[in-house]
Asker: 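Questions regarding the structure given below will be posed in turn.
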Amino acid sequence: MRLLLVEDDNHVAAALSAILARHGFQVVHARSGEEALQALLPADTEPFGVVLLDLGLPDQDGYEVCGKIRKRTATPVIMVTARADVRSRIHGLNLGADDYVVKPYDTGELLARIHAVSRRKASGEDTAPLPAAALRLGAVSIELPTRRVSVDGEEIQLTRKEFDLLALLAQRPGVVFRREQIISEVWRTSWEGTGRTLEVHVASLRSKLRLPALIETVRGVGYRLVAPSV
Amino acid sequence: MRTRLLPLLIVLMASVLLALGFPLAVSVAAAQQQSVVIDRIDDTARFAALAQFVTVQTSGTDERRRTLQAELETYDAVYGIRAGVFHRDDTAMAAAPAAWRLPAEGEGREAFNEALLGRRSHDPPQVWPWQKGRIVVASPVVRDGDVVAVVVLDSPTEEMRARTLRGWLLIAAGEAVALLVAVGAAIRLTGWVLLPVRTLDAATHDIASGRMRSRVAASGGPPELRRLARSFNEMADNVEDVLEQQRAFVADASHQLRNPLAALLLRIELLALELPEGNEEIASVRTEGKRLGTVLDDLLDLALAEHAEPDLQLTDIGALTAERVASWRAVAEEDGVRLLADGAAALTAWADPIALSSALDAVIDNALKFTPAGEEVRVTVVSAADWVTVQVADHGPGLTPQEVERIGDRFWRSAQHQNIKGSGLGLSISRTLLAAGGGTIAYAPNEPHGLRVTLSVPRDDPHA
């Protein structure tokens with residue numbers, strides 16, 4: 001997924017870009033409002049999944065930029081700013097921001113919010129096709145409504161959690177899902193001390209699907225589904 | 001100031017009144033005596049005229065002498081004044097009462113001797129109301145150019161003294177009334193003089209209690225006080241500016257530190273990704289970074305709270321408290337602490353609901369942090385006279401009396417609890433938020449152990 005990071009502070013931008021890159025996002029950095037609006041112009045490239053917008057921009061007011069982005073595209077906007085007061089938050093959300101995060105933020109929280117707004121956008125854009133969707137990733141096909149998984153036409157028996165885990169990773173191939181995010185979405189708990197449960201499930205998925213390279217471990221972060229090169 | 005100015009004015013006016021009153025009293029007494037003396041002189045003249053024709057006979061019946069005697073007796077009977085006509089040799093031509101004779105010495109004798117020289121006696125000395133003296137007036141009886149006898153009138157002074165006293169009482173009454181009027185005037189005068197001082201005092205009190213916008217109108221009053229009022233306003237402006245600068249500095253600093261801190265935290269995350277999972281050092285570095293973030297948040301909150309104009313409205317304190325307690329119950333259950341609420345609902349008071357909620361959050365958060373699992377935290381809403389109070393009582397370790405005095409100071413944390421997370425600003429923020437709306441926060445030990453925090457908000461509009 002591509003992210004547009006609008007941030008005038010180079011130190012923050014560099015660090016954040018690096019982190020986001022580690023989580024499988026492709027980050028485009030814009031230093032000013034004008035640059036951001038240019039980047040959002042329709043092009044041949046894949047559209048941006050989420051815009052991370054800092055309010056303190058050198059050329060124009062961040063709120064203004066937010067309003068302009070809203071007019072041009074439906075891309076979700078998360079305001080990432082040093083302005084902590086309630087009035088700024090309300091103003092930002094009223095102007096069309098999908099979420100508001102105050103610096104300094106917790107990286108995990110920021111990532112969770114990025115996933116949340118992009119998920120919302122996805123379910124909002126194609127409400128109809130999603131439930132019936134059968135996700136196809138190379139040889140693997142995942143039928144969400146019937147909870148069936150097959151590799152090269154051969155059906156694989158998966159436990160509930162194994163299926164949930166695979167379905168979650170398959171939602172956004174290439175994007176890294178953090179351990180805590182997987183645990184909260186699949187095991188519905190925020191308790192991180194589930195021992196090696198997650199590792200055990202990943203290992204069993206790999207062996208059942210007989211595709212050890214499908215799920216990639218990103219050290220220190222989590223897991224992602226490697227989009228098979230077609 | 002009033003207690004100094006008022007006696008001064010009263011003493012001054014009283015002495016003026018006394019200075020006027022004494023000569024007046026003296027002249028009243030003198031006038032009374034003067035009229036008595038003139039009256040007696042007239043009488044002596046009449047008796048002298050009668051005695052003039054009484055021939056020198058020691059015995060026998062002289063018609064004229066009898067008439068004189070009768071006149072004198074009537075005079076004595078009517079006025080109670082001893083009257084007598086005496087020859088040069090002291091013998092009485094006529095006297096009433098009949099046995100009355102001139103004394104050998106004293107006033108009567110002096111007057112007699114003066115009259116023998118052919119003229120009326122001198123005015124007798126002043127008889128004051130507290131004296132018992134008599135007034136003696138003597139006139140010569142002249143026949144053919146010779147003094148043949150002397151008329152002596154010896155008057156009692158009771159009546160005259162009573163009249164003088166009445167006059168004096170009248171003067172005293174008049175002076176008392178004048179003094180009362182003077183006191184009234186003095187009170188008004190001091191009030192008028194001190195009015196600018198009182199205005200200044202009220203404004204100073206306002207500023208001292210946090211209403212920094214208070215100023216004094218520098219128009220009325222004497223020039224010195226007008227100058228004082230102007231200086232006061234300048235001082236208040238300066239104080240307000242300094243406070244505003246301080247607040248702005250805190251706000252700016254906590255704002256400007258956010259970008260570097262965000263970058264730092266992100267770098268730490270990157271570093272954490274490079275290290276093997278579960279590295280304790282990087283975990284504690286991350287924790288410290290987040291703690292720094294919390295302190296910045298709280299500093300900014302405090303700066304905002306100091307600047308905030310409270311939006312006071314009649315708020316149902318009971319309902320608001322119940323709502324806050326409900327929100328915290330999940331956290332309390334997680335910690336194994338029982339969070340209980342009691343007290344009346346539907347208790348209204350003047351408060352800014354957002355400010356009071358934030359203050360209550362900080363206090364409940366504090367109470368939960370220090371209460372060990374299995375104990376309880378009790379939140380009670382009580383109405384007391386002009387206040388509605390919310391008490392948050394915990395059963396934590398509590399604080400020593402010295403610590404209770406310092407709790408609520410900025411960044412203060414009990415030495416025994418330095419390692420419990422928090423910035424040490426939560427209760428300062430609560431106090432600032434409450435004070436802006438006229439509320440207060442107080443701390444007391446809870447029995448048998450723990451701390452009891454009392455938040456009070458006024459029932460009547462503090463700015464009404």
Side-chain angles (χ1 to χ4, degrees), chain A residues 5 7-24 27 29 52 54-58 79-90 101-111 176 178-180 189-193 195-196 198-199 217-223, chain B residues 247 250-279 282-283 285-309 311 330 334 352-355 357-358 361 429 433:
Chain A
L5 172 62
E7 167 71 67
D8 68 319
D9 188 319
N10 281 334
H11 297 280
V12 175
L16 188 56
S17 300
I19 287 266
L20 292 172
R22 288 297 294 263
H23 287 84
V27 182
H29 178 206
L52 298 177
D54 183 22
L55 289 180
L57 294 175
M79 287 189 173
V80 183
T81 171
R83 291 183 208 172
D85 56 306
V86 177
R87 214 174 300 164
S88 303
R89 293 172 199 233
I90 293 173
V101 183
V102 176
K103 287 179 191 170
Y105 36 76
D106 182 89
T107 320
E109 187 192 344
L110 180 66
L111 287 161
V176 183
R178 288 169 73 90
R179 292 177 51 90
E180 63 257 34
T189 166
S190 61
W191 186 44
E192 277 189 62
R196 315 303 291 176
L198 179 55
E199 281 72 9
T217 307
V218 182
R219 201 164 59 86
V221 185
Y223 300 92
Chain B
R247 189 202 63 77
V250 172
D252 288 349
S254 62
H255 190 79
Q256 293 300 329
L257 284 173
R258 277 168 198 275
N259 268 330
L261 188 60
L264 181 67
L265 287 179
L266 287 167
R267 292 288 174 192
I268 294 170
E269 285 301 315
L270 267 177
L271 210 56
L273 293 178
E274 302 298 327
L275 292 166
E277 229 172 294
N279 185 305
I282 204 76
V285 169
R286 196 186 282 150
T287 312
E288 291 306 315
K290 284 182 184 156
R291 217 173 87 177
L292 198 51
T294 316
V295 173
L296 283 186
D297 282 346
D298 284 354
L299 264 178
L300 188 65
D301 281 349
L302 182 62
L304 291 175
E306 280 173 353
H307 193 54
E309 284 287 322
D311 173 21
E334 215 166 90
D352 179 341
I354 295 174
S357 299
S358 312
D361 281 349
I429 297 172
L433 285 171

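Note that the structure is predicted; figures quoted are calculated from it, not measured. When reading the values below, keep in mind they use all heavy atoms of this one structure, side chains included, and skip hydrogens, waters and symmetry mates. Chain naming here is simple, since letters A, B, ... match the order of the sequence lines and numbering starts at 1 in each.
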Asker: Should we count NE2 of A/H11 as having more than 12 external heavy atoms under 6.0 Å?
Answerer: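 Not buried by this count: 12 neighbours or fewer within 6.0 Å.
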Asker: Could you tell me whether the side chain of A/D54 reaches within less than 4.5 Å of the side chain of A/V12, counting heavy atoms only?
Answerer: no
Asker: Just checking B/E334: does its CD atom have more than 12 heavy atoms from other residues, nucleotides or ligands closer to it than 6.0 angstrom?
Answerer: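 No, because the 6.0 Å sphere around CD of B/E334 holds 12 heavy atoms or fewer from other groups.
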Asker: Out of B/L264, B/I268, B/N259, which one racks up the most heavy-atom pairs below 4.5 Å with chain A?
Answerer: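 Answer, by heavy-atom pair count under 4.5 Å with chain A: B/N259.
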Asker: What I'd like to find out is whether the side chain of A/L55 reaches to under 4.5 Å of the side chain of A/M79, using heavy atoms alone.
Answerer: yes
Asker: What part of B/L257 lies closer than 4.5 angstrom to a heavy atom of chain A: side chain, backbone, both or neither?
Answerer: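 Neither part.
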Asker: Looking at every heavy atom in both A/P58 and A/D8, which two are closest together, and how far apart are they?
Answerer: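 In this case the closest contact between A/P58 and A/D8 is CD-CB, 3.5 Å.
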Asker: Is it the backbone or the side chain of A/A13 that comes under 4.5 Å from a heavy atom of chain B, or both, or neither?
Answerer: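 Neither part, no heavy atoms under 4.5 Å.
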Asker: Output the option from A/V102, A/V80, A/D106 having the highest count of non-hydrogen pairs under 4.5 Å with chain B.
Answerer: A/D106
Asker: Taking side chain as everything from C-beta outward and backbone as N, CA, C, O, which of these in B/Q256 sits under 4.5 Å from a heavy atom of chain A? Side chain, backbone, both or neither.
Answerer: neither
